[in-house]
Amino acid sequence: MSDTALGFALFDTAIGPCSIVWNARGVVRTRLPDGGERAARDRIGKRYPTARETSPPAEIKRAIDDMVALLKGEPRDLTGVKLDIADVPDFNRSVYDIARTIPPGSTLTYGEIAERLGDRSLARDVGQALGQNPFPIIVPCHRVMAAGGKTGGFSAPGGAATKRRLLAIEGVRLEAPSLFDSLELPGN
């Protein structure tokens, strides 16, 4: 496979069918369940028209197996999965590097990641970078919370409910969401 030739595969998990796109440099994108296998193939075809559905090479197969296990509640370390980050902005790369250090069952806040980047005032920027994450599960954006123990946003299908489900699978105990958790308040 050339550096730019794209392959993709769909795989079943405890939360539904997920997908992965890769090239010779690494994983290009992962996607959480959203509308079934046909919808996943259609989305991949629109975004990556040259991608071919094929059996994954050994390294990608290991990543898939580890994601499947993780989504069953088995702790797995995905930090060794190679990512093709050629099109990822530098700031986002820095955020993703920190997020990848959060082990299953643990969380950090947007502010804590911003602090590790050297400027706590970047917390919103951290949230925006995570909202653009093309590698959910491998870059575990679901492990990043808002201040005060609030779940915070989640751009994947299902939104914050999916985030809470992923955290529960990993054994993170959350307070029950309140009636007001989904409201956007001025100044937040």
Side-chain angles (χ1 to χ4, degrees), residues 1-72 74-104 108 110 113 117 125-144 153-159 162-163 165-166 169-170:
M1 176 176 277
S2 75
D3 276 0
T4 57
L6 295 168
F8 79 90
L10 305 180
F11 56 98
D12 288 320
T13 73
I15 64 168
C18 293
S19 61
I20 187 168
V21 179
W22 70 87
N23 62 25
R25 292 185 300 255
V27 175
V28 173
R29 176 172 287 276
T30 54
R31 179 108 181 158
L32 296 175
D34 185 19
E37 290 184 6
R38 182 180 177 146
R41 284 185 181 94
D42 288 347
R43 268 191 306 283
I44 291 168
K46 286 178 185 161
R47 184 168 186 114
Y48 304 103
T50 63
R52 288 185 357 195
E53 187 168 7
T54 185
S55 294
E59 190 171 322
I60 299 299
K61 178 72 172 111
R62 272 191 306 278
I64 290 170
D65 291 346
D66 284 346
M67 286 187 281
V68 169
L70 185 70
L71 292 171
K72 278 196 245 178
E74 300 171 21
R76 294 297 164 105
D77 180 2
L78 298 172
T79 57
V81 175
K82 283 198 255 176
L83 303 176
D84 180 355
I85 57 172
D87 295 330
V88 176
D90 289 343
F91 179 79
N92 293 23
R93 288 181 194 187
S94 298
V95 171
Y96 301 163
D97 286 346
I98 294 169
R100 289 186 84 183
T101 69
I102 308 168
L108 287 177
Y110 301 110
I113 290 179
L117 291 169
D125 299 307
V126 167
Q128 289 173 350
L130 291 169
Q132 298 166 13
N133 177 14
F135 316 106
I137 304 303
I138 297 172
V139 173
C141 51
H142 63 282
R143 296 181 191 147
V144 183
F154 196 57
S155 62
T162 298
K163 184 175 190 173
R165 183 173 181 200
L166 293 172
I169 288 169
E170 294 183 356

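Of the options Asp87, Leu6, Leu83, a side-chain contact (heavy atoms from CB on, under 4.5 Å) to Val28 is made by Leu6 and by none of the others.
Within the 4.5 Å cutoff, the side chain of Val81 has heavy atoms near those of the Arg100 side chain. Counting only heavy atoms from C-beta outward, the side chains of Cys18 and Pro33 approach each other to under 4.5 Å. Under the 4.5 Å side-chain criterion, counting only non-hydrogen atoms from C-beta, Leu166 is in contact with Leu32. Side-chain contact between Ile20 and Met67 is present, with at least one heavy-atom pair separated by less than 4.5 Å. Within the 4.5 Å cutoff, the side chain of Phe8 has no heavy atoms near those of the Arg29 side chain.
Atoms CG and CD1, from Leu71 and Ile15 in turn, are 4.5 Å apart once rounded to the nearest 0.5 Å. Note: Arg165 CZ to Phe154 CZ = 12.0 Å, rounded to the nearest 0.5 Å. With rounding to the nearest 0.5 angstrom, the CG atom of Leu70 is 6.0 Å from the CG atom of Leu78. Considering CH2 of Trp22 and OG1 of Thr30, their distance stands at 12.5 Å, rounded to 0.5 Å.
Listed by chain and number, the residues in a side chain to side chain donor-acceptor pair (under 3.5 Å) with Lys61 are Asp65 (sequence neighbours excluded). A search for side chain to side chain donor-acceptor pair (under 3.5 Å) contacts involving Thr101 returns nothing, not counting sequence neighbours. For the side chain to side chain donor-acceptor pair (under 3.5 Å) test, no residue two or more places apart in sequence or in another chain qualifies with Asp125.
For the side-chain hydrogen bond (donor to acceptor under 3.5 Å, both in side chains) condition, the pairs that include at least one residue of residues 34-45, sequence neighbours left out, are Arg31-Asp34, Arg41-Glu53. Sorted by first then second residue, the side-chain hydrogen bond (donor to acceptor under 3.5 Å, both in side chains) pairs that include residues 5-20, not counting sequence neighbours, number zero.
Side-chain atoms of Lys82 do not come within 3.5 Å of backbone N or O of Arg25 as any donor-acceptor pair.
Shown here for Val88 and Arg93, the closest heavy-atom pair between the two residues is O-NE, 2.9 Å. Across all non-hydrogen atoms, the minimal contact from Asp77 to Asp66 is O-OD2, 4.3 Å. Between Pro56 and Ile64, the closest heavy-atom pair is CG-CD1, 3.9 Å.
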Without placing hydrogens or testing angles, list every side-chain donor-acceptor pair under 3.5 Å for residues 129-143, not counting sequence neighbours.
residue: Gln132; atom: OE1; partner: Asn92; partner atom: ND2; Å: 2.9
residue: Asn133; atom: OD1; partner: Phe135; partner atom: N; Å: 2.8
residue: Asn133; atom: ND2; partner: Val139; partner atom: O; Å: 2.8
residue: His142; atom: NE2; partner: Glu170; partner atom: OE2; Å: 2.9
residue: Arg143; atom: NE; partner: Glu170; partner atom: OE1; Å: 2.8
residue: Arg143; atom: NE; partner: Glu170; partner atom: OE2; Å: 3.3
residue: Arg143; atom: NH1; partner: Ile102; partner atom: O; Å: 2.6
residue: Arg143; atom: NH2; partner: Glu170; partner atom: OE2; Å: 2.8

